[in-house]
Amino acid sequence: MSTPPSLTSGVGSSVYALVDPDIRQQEALLKAFLMTVQHFFGGFASLFCPVTDPRHPLYITYPLPALLTAGVLMFLFRLGARRQINTLLRGNGPSAAKFQALFDTVTCPHGDTLNVAFGRLDPDEVQETVNGMVEALIRKKVLYRYRLFDRYFLIVIDGTGMLTFSERHCPHCLTRTRDGQTSYYHPILEAKLVTATGFVFSLLTEFIENPGENPTKQDCELKAFYRLTERLKRRFPHLPICLVLDGLYAGGPTFTRCEAYHWKYMIVLQEGDLPSVHEEFEALMPLAPANHLRFHTGVQLEIQQDFRWMNDIAYVDSKRNEHTVSVIECLETRPDRHGPRKTTRFKWITSFTVKPNNVITVANQGGRPRWKIENEGFNVQKNGGYELEHAYTQDPTASKVFYFLLQMAHTLAQLIEQGSLFRQAFPAGVGSAKNIALRLLEAWRNLRVTADQIHQTLGARLQIRFAPP
């Protein structure tokens, strides 16, 4: 397999690349970005193939993949607003040259052009590009090593806020009144595929929204959950799934759906949830003293975990449907910087049959990754430069398109950061993920490469590997 060519291997630029370490670093980052898209997804045109262009061909200045890619770059580079596309990308010579090489356009499209075009797209088709990215990674077996018990993909479902307005944004706004003040907001429910190494990929999104301005009942997270799981089964009918959920979803309807879909589940069991399950767990535990295991973990084995579990707990839901579940409890004790050792209780209800040889895996690799959707998922997208809660447009359709492009950018950023091309070029790293975004922006704006150099790089054969779990 040949070594990928240097992006700056043209006449006149290679000398600078050998001398200036900044150019070498910019070259490595740009190469990692372009080749990640090409290697896993077949390039930008292939990536956006599911999206239909509704515009009249005679009035098209920028092909649709160029518009959608510009939107992805806005999030990938952490620009924070549409106007920054015009300021940092549109009038920049090296940026214009890259758009010309990739899309045969004169320059990067204007941010307002994105807004108008996105308002005419079908959001479901853009959602399909997000689905397709994870599907491609699964099909290429990139994620196989991260499966629970070498079989189940961990899918975490959780909701978060996206947009909030002081005035009605659209007919589908949810409303909330506190102290006489009404706010209008748009939450979303996300199904994300997570791994122990920190990957958090958006798999499917359900927008929580009202059908009109004055509904008899507002939409809510539970209703959205049932819609989302139905779509998830329809879109990925044969995917071995373990749902990882918080306590909101603990109950008969979730158990029934998982049983019908042949999904496993790990659900946080809070003190106020399913009282009969708690009572039976405590009543049966004295009869099974063998269902206890102590485990030490941490860099210096400083964390102690005490597990208790019970299988075959009967639960009858409100519709008189009978379910058989297992319960795991973990008391985790770890040093506290501010005082004595601190103990935290974790409890899950699960469809797995728990045994001494699998309880640690079920709890630590099945139940505990639920927090990753909050930290590596929502928190990064809100506070890590993606500006999830920023209103990139007032158009409700374009808003959904921008949301999906943010998810695509986040997926690409993770693949770049954890991929072997980046790790080989920067063995010591470059600091935070924001630093990678800033350096990639510098490379896009400053590195001068020809169309032939880009096409030669994209045509090279290579492998991109990720760290083992």
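Heavy-atom basis, side chains included; hydrogens, waters and symmetry copies ignored. Quick note: residue numbers are just sequence positions, from 1.
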Is the gap between the ring centers of [X] and [Y] under 6.0 Å?
X	Y	result
F255	Y265	yes
F352	F149	yes
Y392	F75	yes
Y144	F466	no
Y62	F103	no

Could you check if a side-chain atom of [X] sits within less than 4.5 angstrom of a side-chain atom of [Y], using non-hydrogen atoms only?
X	Y	value
M133	L412	yes
L89	W444	yes
L193	F199	no
F378	D158	yes

How long is the gap from [atom1] on [X] to [atom2] on [Y], to the nearest 0.5 Å?
X	Y	atom1	atom2	result
D219	I208	CG	CD1	6.5 Å
M266	T350	CE	OG1	5.0 Å
R147	T195	CZ	OG1	13.0 Å
K140	I464	NZ	CD1	10.0 Å
I138	F236	CD1	CZ	6.0 Å

Is it the case that the side chains of Q463 and S420 hold a donor-acceptor pair, with the cut-off being a distance below 3.5 Å and no angle test?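 No.
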Does a side chain donor of either E190 or S202 reach within less than 3.5 Å of an acceptor in the other side chain? yes
Looking at [X], I'd like to know if its [atom1] atom is crowded, meaning that more than 12 non-hydrogen atoms belonging to other residues, nucleotides or ligands lie closer than 6.0 Å.
X	atom1	answer
R168	CZ	yes
K223	NZ	yes
D104	CG	no
R145	CZ	yes

Taking the cut-offs as 6.0 angstrom to the six-membered ring centre and 45 degrees off its axis, would you call R368 and F346 a cation-pi pair?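 Cation-pi check for R368 and F346: passes.
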Can you tell me if [X] uses its side chain to pair, donor with acceptor, with the backbone of [Y] under 3.5 Å?
X	Y	value
H110	R90	no
R78	G384	yes
R82	T393	no
S95	G91	no

NZ/NE/NH1/NH2 to OD/OE distance under 4.0 Å, [X] and [Y]:
X	Y	answer
K192	E376	no
R231	D124	no
R24	E27	yes

Which atoms form the tightest heavy-atom contact between K31 and L421, and what is the distance?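 In this case the closest contact between K31 and L421 is O-CD1, 4.4 Å.
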Smallest separation among heavy atoms of I85 and P109, with atom names: CG2-O, 3.6 Å
Give the intermediate values and the outcome of side-chain contact (heavy atoms from CB on, under 4.5 Å) for residues L388 and M162. CA-CA 6 Å; L388 170 63; M162 183 175 68; 4.2 Å; yes
Picking from F118, F207, F48, what satisfies ring-ring contact (aromatic ring centres under 6.0 Å, His included) with F404?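 Single pass found, and it is F207.
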Sole residue of L47, T129, L121 in side chain to side chain contact (heavy atoms under 4.5 Å, CB included) with L68: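 Single side chain to side chain contact (heavy atoms under 4.5 Å, CB included) partner of L68 among L47, T129, L121: L121.
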